[in-house]
Each structure stands twice: as structure tokens, then as C-alpha cells.
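Remarks on the structure that follows.
Start at 1 and go down the list; that is how both ligands and their atoms are numbered.
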Amino acid sequence: MSLRKISEHVHILPHDTERDRPNLGYIAGEDYSVLIDTGNSPAHLIEMLDEIEQNGLPTPKLALITHWHWDHTFAMHAFNGLTVAHRQTNEILKEISEWEWTYEAMDERLASGEECEFCDTHIRKEYDDTRTIQVEMADIEFEDGLRLNLGEVHLNVIRLTNPHSDDGVVAHVEEDKVLFAGDADTGDYYKLDGGYDKRQFHDYIGKISLIDFDTYIHGHLEPMSPREIKEEWDRIEKEEALH
Ligand SMILES: [Zn+2]
């Protein structure tokens with residue numbers, strides 16, 4: 001994968017469905033740069049950092065985590081800068097940091113429903129040896145939201161109720177009008193087998209519609225225009241009968 005330029009200050013490393021690697025974001029300011037999510041493994045993070053270096057861009061100092069899911073967080077321990085997450089994300093990461101990663105322990109979590117099947121399958125694909133997995137909490141946690149001044153560009157981090165996970169923030173690159181949404185408008189694979197909570201879905205799209213963006217970046221889809229994401233929400237609403 002190669003780094004793709006989205007706007008003046010924003011690049012992404014495009015997602016890879018084969019190993020369930022999400023889009024990773026990179027925002028370069030005059031003073032410092034920030035990653036959006038660290039990736040699903042140290043190998044994924046290294047691919048991103050190599051691309052940043054090869055493009056002559058500054059090394060990111062901070063990594064903002066959109067939500068706790070493995071594909072966004074399992075490289076946190078391998079990131080050299082500071083990691084930042086919402087308090088609830090950190091609480092969940094704390095629990096998961098105690099999980100064991102032998103195939104036996106993974107089978108047990110699958111059987112008990114603690115792990116989702118889609119995640120388990122892709123974790124086994126991404127890691128040759130799952131016992132090397134390390135989960136850690138973020139260095140910095142926040143409660144309501146966060147505004148970062150990277151120099152000439154600002155990142156607004158907003159906690160939003162969403163149908164995908166109990167935690168979850170979106171990150172708005174103000175000057176570039178780019179919105180990183182994590183996987184927020186996808187269903188919940190842990191509790192509802194990919195299904196939707198109707199109230200959370202409408203709450204989410206209602207709040208997102210108030211944000212001024214030209215590009216919407218979902219974790220596992222191509223970047224979309226406001227018109228395209230609205231069409232996507234209409235499709236979800238129909239398919240999932242969320243009227
Ligand atoms: Zn997710």
C-alpha cells in the first residue's frame with residue numbers, strides 16, 4: 001500500500017480488507033504531526049511510518065485512537081510517540097490488556113462470545129504468532145473532547161454515541177474539512193452480530209450532519225463525499241430497517 005494524499009495536510013494509508021487493516025490517517029501540521037489510529041499490528045504501523053518517511057514527511061508525535069477495536073489499537077505499544085484515547089476506550093483497553101493470546105485462550109473467548117468471529121479470523125491472518133500480541137492503554141486520556149493545534153491546522157476530537165462500539169470518537173481536520181469517523185456508522189460486531197441499534201444510528205448521523213466536512217473517512221471504506229456518505233446511510237437505513 002502507498003500513502004495517499006487526501007487534502008493539503010492529510011494523507012491515509014488505504015485499508016486492506018484481506019487482513020482487516022483499517023485506513024490509517026496522518027495529519028501534518030507546521031509544529032507536529034498526528035496519526036489517526038496505530039493499526040492492527042506492529043507490521044501495519046511500520047508500513048505506515050515507512051511510507052511517511054519515504055514521502056519526506058515528519059514523523060508523527062501523537063497517535064489518536066478512534067475506538068478500542070483490535071485493528072485500530074494493537075500497534076499502540078510499538079508507537080514511539082504518545083498515544084491519546086477517550087477515557088472509555090482506555091477502560092476497555094485495560095481489560096483487553098489482560099487477555100492471553102494462545103490459540104486456546106482465543107478459542108475460549110470465541111466460544112463465550114467475548115470475541116467476535118470476524119475479528120478472530122482476521123487476527124489469525126495478521127499474526128504468524130498471536131502470542132506476540134501486546135495490548136496497552138493510551139498515555140493520555142480525555143473525557144468530552146479535545147482540540148489540537150498542530151500549527152496551521154487544527155484537529156477537533158469529538159466523542160459521539162454511535163452504533164459501532166461503546167466508546168468512539170470522530171476527528172475533524174478543521175481547515176481541510178476532512179472527517180475521520182473510525183468505523184462509527186458500521187453495526188456492532190460484538191453485541192449485535194453486525195446489527196444496528198436504531199437510536200444510536202440516528203443519534204450519530206444527526207450529530208455528524210452538523211459537522212462541516214468535504215471528505216468522510218470510514219475505517220474500512222473508500223473516502224466519501226458528503227453526498228456519498230448520505231447515500232450510504234440511506235442504504236443502511238433501508239437494509240437494516242432503521243426508519
Ligand atoms: Zn471497529
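Using modelled atom types, one finds a donor on one side chain and an acceptor on the other under 3.5 Å when comparing H72 with D37.
Classification of E47 and R21 as a salt-bridged pair holds, one side-chain N sitting under 4.0 Å from a carboxylate O. Salt bridge status for D107 with R124: present, with a side-chain N to carboxylate O gap under 4.0 Å. At a threshold of 4.0 Å, the pair R4-E222 counts as salt-bridged, since one of the basic side-chain nitrogens sits closer than that to a carboxylate oxygen.
Taking 2.8 Å as the criterion, H69 counts as a coordinating residue of the Zn ion (ligand 1), since one of its N, O or S atoms falls below it. With 2.8 Å as the limit, D71 does not count as an N, O or S neighbour of the Zn ion (ligand 1).
The name of the N, O or S atom in D183 nearest to the Zn ion (ligand 1) is OD2.
Angle NE2 (H164) to the Zn ion (ligand 1) to NE2 (H67): 100°, rounded to 10°.
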